[in-house]
Amino acid sequence: MNPRITLATAARILRQLRSDHRTIAMMLVVPCVLLGLLAWIFDGTPVFDRIGAALLGVFPFVVMFIVTSVATLRERTSGTLERLLTTPLGKGDLMLGYALAFGLMAVVQALVATGFAVWVCDLDVAGPVWLLVVIAVCDALLGTALGLLVSGFASTEFQAVQFMPALVLPQFLLCGLLVPREALPSILSTVSDWLPLSYAVDAMRTIASVPEPLADVTSDIGIIIGAIALALALGSLTLRRRTP
């Protein structure tokens, strides 16, 4: 990999995103709308305070998975990726460039969504808000990395979206958001231990309930970062120049 080429790739993707207002709206507005809707539904009850922090990890993960998988597939089906890979650009440069570009968007997304949840929806958080932002960014990057990975196996945008039930929904169901992970049947609890979103939800809940949570969530952050690195590495191996 070449750092100069990687940064140039990230800059190109950011320029494309800047002109795609619908994608920007999906990344920045949709999580806020969903959080606001839930806060409104559960207004006057403790439910939003109980699940709101966890959803700050889930929503960026889902949104970035969809956006990244579709955006990468478009580059391949349009022939852009094939032309780029005839240049000194390597697959690692492309994957890391995407991760950097969408990582910057993830920071903006996390700041907007967290600020909206805490200061507009009155989400009660015992721990530091900045740590919520860190976990939300990690979750968005995890969604980005998995989106890049699955885009190599899809031939159409519809197929890319179809990977959601396979990779996203099982994590949503088993991450502890609906049922505490310790209350799951033993087999499902074991499966949950291997899903990175479970650790994101655990970390968010710890931050929401513990005034000094940094020591408790460090291992969770490490696992999420490890999953991101693994997904990017596998994605660079499965990335195809074009769709047949």
Side-chain angles (χ1 to χ4, degrees), residues 1 3 6-7 9-10 13-14 27 31 53-69 71-72 90-114 125 127-152 163 167-168 170-172 174-177 181 190-208 210 212-239:
M1 290 189 299
T6 300
L7 292 175
T9 301
I13 296 166
L14 286 173
M27 287 189 287
L55 291 174
L56 272 173
V58 173
F59 288 158
F61 170 80
V62 174
V63 170
M64 295 304 282
F65 176 88
I66 296 172
V67 169
T68 307
S69 59
T72 310
K91 292 183 178 181
D93 293 312
L94 181 73
M95 298 296 286
L96 192 54
Y98 261 99
L100 289 174
F102 282 103
L104 181 59
M105 292 301 302
V107 172
V108 179
Q109 181 192 61
L111 288 171
V112 171
T114 303
V125 179
V129 174
W130 68 265
L131 199 51
L132 272 183
V133 175
V134 170
I135 304 296
V137 169
C138 289
D139 290 339
L141 286 173
L142 177 63
T144 297
L146 290 177
L148 289 169
L149 174 61
V150 303
S151 68
F163 276 101
L167 286 181
V168 175
Q171 296 197 62
F172 176 78
L174 300 178
C175 69
L177 183 63
R181 291 207 293 138
T190 301
V191 173
S192 177
D193 291 339
W194 287 90
L195 301 177
L197 191 61
S198 301
Y199 298 93
V201 171
D202 287 348
M204 286 296 203
R205 284 186 161 165
T206 300
I207 296 168
V210 178
E212 298 293 337
L214 184 58
D216 297 323
V217 303
T218 300
S219 60
D220 294 326
I221 295 174
I223 291 172
I224 297 169
I225 293 174
I228 293 169
L230 178 61
L232 289 175
L234 292 175
S236 66
L237 296 176
T238 60
L239 184 67

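Counting begins at 1 with the first residue of the sequence.
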Quiz item: How many angstroms lie between atom CZ of F61 and atom OG1 of T144, to the nearest 0.5 angstrom?
Solution: 10.0 Å
Exercise. Not counting sequence neighbours, list each pair that qualifies as a salt bridge (charged side-chain N to carboxylate O under 4.0 Å, His left out) and has a residue in residues 98-107.
Key: none
Quiz item: At what distance, to the nearest 0.5 angstrom, does CG of D220 lie from CG of D202?
Solution: 5.5 Å
Quiz item: Looking at residues at least two apart in the chain, or sitting in another chain, which of them share a side chain to side chain contact (heavy atoms under 4.5 Å, CB included) with L167?
Solution: F65, V150
Quiz item: Side-chain contact, heavy-atom cut-off 4.5 Å: L146 with Q171?
Solution: yes
Quiz item: If you take all heavy atoms of L195 and V191, which pair is closest and at what distance?
Solution: CG-O, 3.4 Å
Quiz item: What is the minimum heavy-atom distance between A136 and T114, and which atoms define it?
Solution: CB-OG1, 4.5 Å
Exercise. For A54 and V201, work out which heavy atoms get closest and say how close.
Key: CB-CG1, 3.8 Å
Quiz item: Taking C-beta and beyond as the side chain, do V125 and M204 meet within less than 4.5 Å on heavy atoms?
Solution: no
Quiz item: In Å, rounded to the nearest 0.5 Å, how long is the span from CG of L142 to CD1 of I135?
Solution: 11.5 Å
Practice problem: Would you please name every residue forming a ring pair (Phe, Tyr, Trp, His ring centres under 6.0 Å) with F102, sequence neighbours left out? | Solution: Y98
Quiz item: For D193 and Y199, what are the C-alpha separation, side-chain angles and deciding distance, and is it a side-chain contact (heavy atoms from CB on, under 4.5 Å)?
Solution: CA-CA 8 Å; D193 291 339; Y199 298 93; 3.9 Å; yes
Quiz item: Could you give the distance from CD (E212) to OG1 (T206), rounded to the nearest 0.5 Å?
Solution: 13.5 Å
Quiz item: Is any side-chain heavy atom of D139 closer than 4.5 Å to a side-chain heavy atom of F59?
Solution: no
Quiz item: Nearest heavy-atom pair of P196 and I224: which atoms, and what distance?
Solution: O-CG1, 4.1 Å
Quiz item: Taking only residues two or more places apart in sequence, or in another chain, which ones meet P128 in a side chain to side chain contact (heavy atoms under 4.5 Å, CB included)?
Solution: W130, L131, P213
Quiz item: How long is the gap from CD1 on I221 to SG on C138, to the nearest 0.5 Å?
Solution: 6.0 Å
Self-check item: Which atom of P31 lies closest to which atom of A113, heavy atoms considered
Solution: CB-CB, 4.3 Å
Quiz item: Between atom CG of L7 and atom CG of L14, what is the distance when rounded to the nearest 0.5 Å?
Solution: 10.5 Å
Quiz prompt | Set of residues satisfying side chain to side chain contact (heavy atoms under 4.5 Å, CB included) with respect to L111, sequence neighbours excluded | solution = V107, V133
Quiz prompt | Nearest non-hydrogen partners of V137 and A106, listed with the distance | solution = CG2-O, 3.9 Å
Quiz prompt | Partner residues of S192 under the side chain to side chain donor-acceptor pair (under 3.5 Å) criterion, sequence neighbours left out | solution = R181, S198
Exercise. Using atom types as modelled and distance alone, determine if a side-chain donor or acceptor of Q109 lies under 3.5 Å from a backbone N or O of M27.
Key: yes
